[in-house]
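Take a look at the structure below.
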Amino acid sequence: MKNIEAPEPGSLDSATALRRLNTQRVLDAAWGREAVTASELISLTGLTRATVLNQAKELVESGWLVEAKDTRAAGAYSKGRPALRYELNLAHRFIVGIDAGQHRISLTLSDVRGTQKSHCEAKVDPLATGEHRVRVTEKLLTDVLAEFKIRKLAAIVIGVPAPVDADGMSPDDDNGFWVNMNPDWKAVLGEYTYLLRVENDANLAAIAEMEDGTVGSFASLMVGERIGAGVVVDNHLLRGDKGLAGEMRFLSHVAGVGNAHGLGYLAREQAKTALSQGAKSSLAELAADVLRAEDVFQAAVGHDQLAQEILESLGDRLARISAVISGFLGLERVVLSGAMAEILEPVVVIAQRELAQEPELTCVQLTASTLGAEVAMRGAVDLGVQLVRSAAPF
């Protein structure tokens, strides 16, 4: 439940503020339940029956709650006066999560509990301008709004592959990549929503992991085309100055790592380089322009020597990265997230073997996320639910 300070006695807005607080308490109590009676709301909120009934009535009139079938009709009550039952109105407000990746923009429409209603996506040129990326996203958005006849969204959360500060902005970098990935979304998309939030995609992955039950201190490490981390310390997501917490460009100064390229990128490019230099491998049967990281991992399962050597190098690299970030921040675990997570177990085993050689690092757990390729999208929707729930009713 959102913590709100009680108004000072005698203030002009004290009655209004108290009424709003009570309304939020009633709505919050109903949010996570399929149906709830007035008596249950009294117990959950600690409010009087009269207050609960008044605020529930306001919430029904404003569209946030609906009166459900009474307990007699639902088969749970047989004698006396049937109890009023309330349900969250899942057709009242909607949330959109957007994963605006370098190569693909995907969009998910959900209800205010985070249940998916629609999903769509579009490929984009990784060198496309920020303005083009916004136009592609707006087209996806307007199409889904028209399909579901939605006039305005409760929240839009956009995940981008760039550090993001508390105001949703990204700092300038040498090649302009960050700003290109995070253009002025609000200028175009702000009219479609009550709440718009831009967030780093690795931070959203960390939010999704927390919603899934991961607690304590950990990093959600995106490992596909680039390395980026959402860092959580003592159950608090770190942002840092200009949103740079978890930014991995410092890896160019780490011996044995040298850059922030992701494991997927390196698996593919190392294989291409080796094959171009005449290395013998079953991967030579694939044209260079269609060879994928997944092909390298599959070849390693078949005991292909080149593929196994590449996985060894990736495991060593992952161990070094995990040692640096976990040792400095006192992390308990590193969770590998993103589209590649489901195939990374061989690399995790190698990395754990390397970490085991350093006794002070054996407490660091390496795990692959179970949330799949859409983990950042899931985090976007989760954050959208949090934002709406904190701001409701509006």
Side-chain angles (χ1 to χ4, degrees), residues 101-104 126 161 201-202 205 219-229 248-327 333-358 361-362 364-373 375-376:
Q102 185 178 1
H103 300 267
R104 180 191 62 146
D201 55 0
S220 183
L221 201 64
M222 305 292 281
V223 293
E225 291 298 299
R226 61 186 179 86
I227 296 286
M248 291 294 178
R249 293 192 179 187
F250 74 88
L251 292 176
S252 61
H253 302 287
V254 176
V257 180
N259 54 55
H261 292 318
L263 302 184
Y265 173 92
L266 290 170
R268 182 181 67 245
E269 296 304 316
Q270 285 181 14
K272 288 181 179 180
T273 299
L275 292 171
S276 70
Q277 295 172 352
K280 303 297 183 182
S281 170
S282 61
L283 293 168
E285 299 173 4
L286 298 172
D289 60 345
V290 298
L291 190 145
R292 305 169 304 155
E294 291 84 349
D295 298 320
V296 178
F297 279 75
Q298 187 59 44
V301 173
H303 305 289
D304 183 277
Q305 183 176 349
L306 172 61
Q308 290 180 331
E309 290 174 354
I310 291 174
L311 263 59
E312 283 285 337
S313 71
L314 297 181
D316 178 75
R317 178 186 182 86
L318 177 59
R320 292 171 185 268
I321 294 171
S322 300
V324 170
I325 61 175
S326 61
R333 64 184 62 84
V334 174
V335 182
L336 308 181
S337 300
M340 287 197 62
E342 62 184 18
I343 65 171
L344 284 176
E345 185 59 30
V347 174
V348 170
V349 171
I350 294 167
Q352 288 174 327
R353 183 195 69 204
E354 296 300 310
L355 288 170
Q357 298 178 28
E358 301 291 339
L361 296 174
T362 55
V364 179
Q365 301 176 28
L366 286 180
T367 60
S369 173
T370 61
L371 300 184
V375 62

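FYI, side chains are in, hydrogens and waters are out, and symmetry mates aren't considered; it's all heavy atoms of this structure. We count residues from 1, following the sequence as given.
Residues Ala368 and Ala341 share a closest heavy-atom pair of CB-O, 3.4 Å. Heavy atoms only, all atoms of each residue included: Gln102 and Pro161 are closest at N-CG, 4.2 Å. Of all the heavy atoms in Ser282 and Asp304, the pair that sits closest is N-OD2, 2.8 Å. When every heavy atom of Leu355 is checked against every heavy atom of Ser322, the shortest pair comes out as CD1-CB, 4.5 Å. The nearest pair of heavy atoms linking Met340 to Leu263 is SD-C, 4.2 Å. The two residues Ala202 and Met222 have their closest heavy-atom pair at CB-CG, 3.7 Å.
Taking OG1 of Thr367 as the start and CG of Leu344 as the end, the distance is 11.0 Å to the nearest 0.5 Å. In this structure, CD in Gln305 is found 12.5 Å from NZ in Lys280, a value given to the nearest 0.5 Å. Tyr265 OH to Ile227 CD1: the interatomic distance, rounded to the nearest 0.5 Å, is 13.0 Å. Considering CD1 of Ile343 and CD of Glu294, their distance stands at 4.5 Å, rounded to 0.5 Å.
Considering only heavy atoms from C-beta on, Val296 stays 4.5 Å or farther from Arg268 through its side chain. Residues Arg292 and Leu286 are not in side-chain contact: their nearest non-hydrogen atoms beyond the backbone lie 4.5 Å or more apart. Within the 4.5 Å cutoff, side-chain heavy atoms of Ile325 are placed close to those of Leu221. For the pair Ser281/Leu275, a side-chain contact is recorded, criterion being any heavy-atom separation below 4.5 Å from C-beta on.
Applying the 6.0 Å contact sphere to CD of Gln298 captures no more than 12 heavy atoms from other residues, nucleotides or ligands. Atom CD of Gln308 sits in a crowded spot, with more than 12 heavy atoms from other residues, nucleotides or ligands closer than 6.0 Å. For CD of Glu269, the number of neighbouring non-hydrogen atoms (other residues, nucleotides, ligands) closer than 6.0 Å is greater than 12.
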Report, one line per pair, each donor and acceptor closer than 3.5 Å where one atom sits in a side chain of residues 312-321; sequence neighbours left out.
unit_1 : atom_1 : unit_2 : atom_2 : d
Glu312 : OE1    : Arg353 : NH2    : 2.8
Glu312 : OE2    : Arg353 : NH1    : 3.4
Ser313 : OG     : Gln270 : OE1    : 3.0
Ser313 : OG     : Ile310 : O      : 2.6
Asp316 : OD2    : Arg320 : NE     : 2.9
Arg317 : NH1    : Val257 : O      : 3.1
Arg317 : NH2    : Asn259 : O      : 2.9
Arg317 : NH2    : Asn259 : OD1    : 2.6
Arg317 : NH2    : His261 : O      : 3.1
Arg320 : NH1    : Ala255 : O      : 3.2

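Each of Arg104, His103, Glu225 was checked for a side-chain contact (heavy atoms from CB on, under 4.5 Å) with Pro126, and the lone residue meeting it is His103.
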